[in-house]
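Okay, structure first, notes after.
Keep in mind that what you see is a predicted model, and the values were worked out from it rather than measured.
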Amino acid sequence: MSSPARPELIFDHVGLVVQDLTSGFANVCSLLPIVAATRVYDDQVLGVSVQFLRDAGGVMFELIAPLGDNSPVAKIAASGRGVLNQIAYRVGNLAAAADYFRARGATPTGAAKPAIAFDGAPVQFFLTKEFVVVELIESEGASREFVPV
């Protein structure tokens, strides 16, 4: 039996865990050439508050802060380790992409869940053999609105 073919993976963003969005925003903007940002998204289902930033080269960053003590990123934010948390890709079919990742030894960290920042599109996270977290987003593109900073 052959393993699934690699789905089309379209780069979306790099996720950075911060203790809180206000100081994380100030720190990242003072260091990197950030030119635009979105509003803050508080996602009770995922247990995080997020904000997207875009740099002068068009690279998108997602600041991820814990939303409550039971947030999946609370320990990372408190420890300051693993703050380069994820690399995210958009996919056309999350189930097929998930099969592809599992067939290559990546472990899902949980079930797919709807994400407010992606208009309710399902997202799922995988831990690769190299301990890189990859977020898969079933979305043709996000409708996030950026404003200049």
Side-chain angles (χ1 to χ4, degrees), residues 1-21 23-25 27-34 36-38 40-142 144 146:
M1 177 183 223
S2 65
S3 61
R6 181 173 55 225
E8 182 178 16
L9 300 169
I10 301 167
F11 177 77
D12 193 74
H13 66 268
V14 174
L16 306 172
V17 175
V18 296
Q19 290 185 359
D20 67 86
L21 292 181
S23 63
F25 180 86
N27 292 337
V28 171
C29 287
S30 71
L31 181 64
L32 302 178
I34 301 300
T38 67
V40 171
Y41 299 90
D42 290 330
D43 195 323
Q44 299 292 335
V45 172
L46 296 178
V48 294
S49 292
V50 302
Q51 183 175 26
F52 295 89
L53 312 177
R54 184 174 291 139
D55 76 4
V59 175
M60 192 165 20
F61 298 89
E62 178 187 28
L63 301 181
I64 309 160
L67 187 60
D69 294 336
N70 293 326
S71 171
V73 299
K75 288 182 181 176
I76 295 168
S79 74
R81 295 174 192 226
V83 295
L84 178 56
N85 181 258
Q86 52 161 291
I87 300 171
Y89 288 92
R90 289 180 274 123
V91 297
N93 181 317
L94 182 57
D99 287 345
Y100 170 81
F101 271 71
R102 279 193 295 273
R104 280 153 186 81
T107 305
T109 64
K113 295 180 182 176
I116 284 180
F118 297 102
D119 299 324
V123 300
Q124 190 169 19
F125 298 86
F126 289 82
L127 183 63
T128 71
K129 292 178 184 179
E130 295 77 24
F131 303 104
V132 174
V133 176
V134 177
E135 177 184 15
L136 299 178
I137 308 155
E138 187 175 80
S139 175
E140 296 292 320
R144 294 168 283 205
F146 284 84

Would a 4.5 Å heavy-atom cut-off, applied to side chains only, mark [X] and [Y] as touching?
X	Y	result
F52	L63	no
V91	E8	no
L127	V132	no
L53	F146	no
L9	L136	yes

What's the separation between atom [atom1] in [X] and atom [atom2] in [Y], rounded to the nearest 0.5 Å?
X	Y	atom1	atom2	result
M60	R144	CE	CZ	4.0 Å
F118	I137	CZ	CD1	3.5 Å
I64	D43	CD1	CG	11.5 Å
E62	N85	CD	CG	8.5 Å
D55	L31	CG	CG	11.0 Å
T128	F101	OG1	CZ	8.5 Å

Which heavy atom in [X] sits nearest to a heavy atom in [Y], and how many Å separate them?
X	Y	result
L46	P114	CG-O, 4.1 Å
Q124	A98	OE1-CB, 3.8 Å
P4	Y100	O-CD1, 3.4 Å
A106	P108	O-CD, 3.8 Å
A74	G68	CB-O, 4.4 Å
V73	A65	CG2-C, 4.0 Å

Check whether any side-chain N or O of [X] sits under 3.5 Å from a backbone N or O of [Y] as a donor-acceptor pair, and report yes or no.
X	Y	answer
E138	A121	no
R90	I10	no
S71	G47	yes
S49	L67	no
Q86	G15	no

Can you check side chain to side chain contact (heavy atoms under 4.5 Å, CB included) on V18 and F25, steps first, answer last?
-> CA-CA 9 Å; V18 296; F25 180 86; over 6 Å; no
Would you check if the distance from the ring center of H13 to the ring center of F61 is below 6.0 Å?
->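 Centroid separation for H13 and F61: 6.0 Å or greater.
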Pick from F126, F125, Y89: which one makes a side chain to side chain contact (heavy atoms under 4.5 Å, CB included) with E135?
->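 With E135 as partner, F126, F125, Y89 yield a single side chain to side chain contact (heavy atoms under 4.5 Å, CB included), made by F125.
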Could you go through the side-chain hydrogen bond (donor to acceptor under 3.5 Å, both in side chains) check for S23 and D20 one step at a time?
-> CA-CA 6 Å; S23 63; D20 67 86; 2.9 Å; yes
Please test V14 against L84 for side chain to side chain contact (heavy atoms under 4.5 Å, CB included), starting from the C-alpha separation and ending with a verdict.
-> CA-CA 8 Å; V14 174; L84 178 56; 3.1 Å; yes
Do any side-chain atoms of residues 75-83 form donor-acceptor pairs under 3.5 angstrom with protein atoms, and if so which ones, sequence neighbours left out?
{"residue": "S79", "atom": "OG", "partner": "K75", "partner atom": "O", "Å": "3.2"}
{"residue": "S79", "atom": "OG", "partner": "I76", "partner atom": "O", "Å": "3.2"}
{"residue": "S79", "atom": "OG", "partner": "R81", "partner atom": "N", "Å": "3.0"}

Any residue meeting salt bridge (Lys or Arg N to Asp or Glu O under 4.0 Å) with R102, in chain and number order, not counting sequence neighbours |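 Counting only residues at least two positions away or on another chain, R102 forms a salt bridge (Lys or Arg N to Asp or Glu O under 4.0 Å) with D99.
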